[in-house]
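The chains referred to below are lettered A, B, ... by the order of the sequence lines, with proteins before strands, and numbering in each begins at 1.
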2 protein chains.
Amino acid sequence: MADIGGIAGQIARIREQANALVERELHERGIKGIVAAHGPVLAFLLRQSKPVPIKAVVKSVRRVKSTVTVTIRTLEKHGYLRKFPSETDARVTYVELTTKGRGLRKDFEEISRALRSKLYGNMSPKDRERLVQQLDKIEENLSE
Amino acid sequence: MADIGGIAGQIARIREQANALVERELHERGIKGIVAAHGPVLAFLLRQSKPVPIKAVVKSVRRVKSTVTVTIRTLEKHGYLRKFPSETDARVTYVELTTKGRGLRKDFEEISRALRSKLYGNMSPKDRERLVQQLDKIEENLSE
DNA sequence: GGACCATGGTTCGTGCACGAACTATAATCC
DNA sequence: GGATTATAGTTCGTGCACGAACCATGGTCC
């Protein structure tokens, strides 16, 4: 990343700090096998009420499918989710959270809340609002 | 990373986009062996007028020393920098950019500029200012 | 001046993320 | 309906980043 002193560096550092905070929380709560990188997959699966094909996970989490393969394997290995083949299309594999996996919901929400709270600190709602909008703008700018 | 829809997710995505932009630029300019992750090391060395101990690089780039070891090896392998032992303290190794390495200055600056420019888009100077301040605040909040 | 601790670097093992190649199954097209 | 192409997932090799262990060497302390 160029722009060291600049805004890109700031953003990179914030991301790292946020990651570190999540890792700390997970550790403190004694949650094993989960790291910050699993967050998007977990978040997506927590929103589902029925099994979804892995393809849908890939689409949602903005990671390349080989990455998702590994993430899912890890989550499965630790008993947070279950995989099973589709009955109608032998190419597709469905995944769904196990009871243990769904049990993460509360921690997930609390950690998200803790992160946001610490990140924003005492920033006013107006400022938060504006900040998010500016970040939206930046995301848009960068993807053109 | 938890907080998918939230601000942390935004920040993570922006960072990735910024990284991707830098990688694209490097590729387009035919610069080989350099990736975005080398940026901080490069930036630091470009600011130096004489060789510095690796320790100083580690301090500057906020990466663990084993990471810096590898980064420096890569940069050396591609001829961008040179390592040599201290004469007074056999434990320390100095590094300095080669001519080829110093030749990256222009590209480095241009890429930084391009990144900032694309990232900010047409955001007003006032907004940019405020944004950077807010990010500063966030960095501070997260490191308490 | 020898035992002990501190410091600067490297090595090694692990995990995430990527892209390219591969496997297997489906869908299409003639 | 057989060849071709598209789709879903996995595997493999590579690079970054980390922490722990390790090697030298240098400083301290008695």
Quiz prompt | Check: Thr69(A) side chain, dG9(D) base, donor-acceptor under 3.5 Å | solution = no
Nearest-Å distance for atom pair [atom1]/[atom2], residues [X] and [N]:
{"X": "Lys77(B)", "N": "dT14(D)", "atom1": "NZ", "atom2": "C1'", "value": "10 Å"}
{"X": "Phe84(A)", "N": "dA8(D)", "atom1": "CZ", "atom2": "P", "value": "17 Å"}
{"X": "Arg73(A)", "N": "dG15(C)", "atom1": "CZ", "atom2": "P", "value": "12 Å"}
{"X": "Lys32(B)", "N": "dG15(D)", "atom1": "NZ", "atom2": "C1'", "value": "14 Å"}
{"X": "Glu23(A)", "N": "dA17(D)", "atom1": "CD", "atom2": "C1'", "value": "12 Å"}
{"X": "Leu75(A)", "N": "dG15(C)", "atom1": "CG", "atom2": "P", "value": "14 Å"}
{"X": "Arg63(A)", "N": "dA17(C)", "atom1": "CZ", "atom2": "C1'", "value": "7 Å"}
{"X": "Ile54(A)", "N": "dT23(C)", "atom1": "CD1", "atom2": "P", "value": "19 Å"}

Quiz prompt | Any Lys83(B) side-chain nitrogen or oxygen under 4.0 Å from OP1 or OP2 of dT10(C) | solution =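 Checking dT10(C) against Lys83(B), a side-chain N or O does come within under 4.0 Å of OP1 or OP2.
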Nucleotide nearest [X] (side chain, heavy atoms from C-beta), chosen from [options]:
{"X": "His38(A)", "options": "dC16(C), dG9(D), dG19(D)", "value": "dC16(C)"}
{"X": "Ser66(B)", "options": "dC16(C), dG19(C), dG19(D)", "value": "dG19(D)"}
{"X": "Lys65(B)", "options": "dC16(C), dC18(D), dG8(C)", "value": "dG8(C)"}

Does some side-chain heavy atom of [Y] sit less than 4.5 Å from a side-chain heavy atom of [X]?
{"X": "Arg113(B)", "Y": "Glu110(B)", "answer": "yes"}
{"X": "Asp136(B)", "Y": "Glu139(B)", "answer": "yes"}
{"X": "Val57(B)", "Y": "Val61(B)", "answer": "yes"}

Quiz prompt | Linked hydrophobic residues, Phe84(B) as query - side chain contacts closer than 4.5 Å | solution = Val92(B), Tyr94(B)
Quiz item: Should the heavy atoms of other residues, nucleotides or ligands under 6.0 Å from CZ of Arg29(A) be counted, would the total exceed 12?
Solution: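 Yes.
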Practice problem: Flag yes if more than 12 heavy atoms outside Glu87(B) fall under 6.0 Å of its CD atom; otherwise flag no. | Solution: no
Quiz item: Hey, which of these two, Thr71(A) or Val68(B), hits DNA chain C nearer its 5' end, going by closest nucleotide?
Solution: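 The residue mapped nearer the 5' terminus is Val68(B).
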Quiz item: Among all residues two or more places apart in sequence or in another chain, which pass the salt bridge (charged side-chain N to carboxylate O under 4.0 Å, His left out) test with Lys126(B)?
Solution: none
Quiz item: Of all of residues 87-96 of chain B, which get a heavy atom below 4.0 angstrom from DNA chain C, listed by number?
Solution: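 Close to the strand are Arg91(B), Val92(B), Thr93(B).
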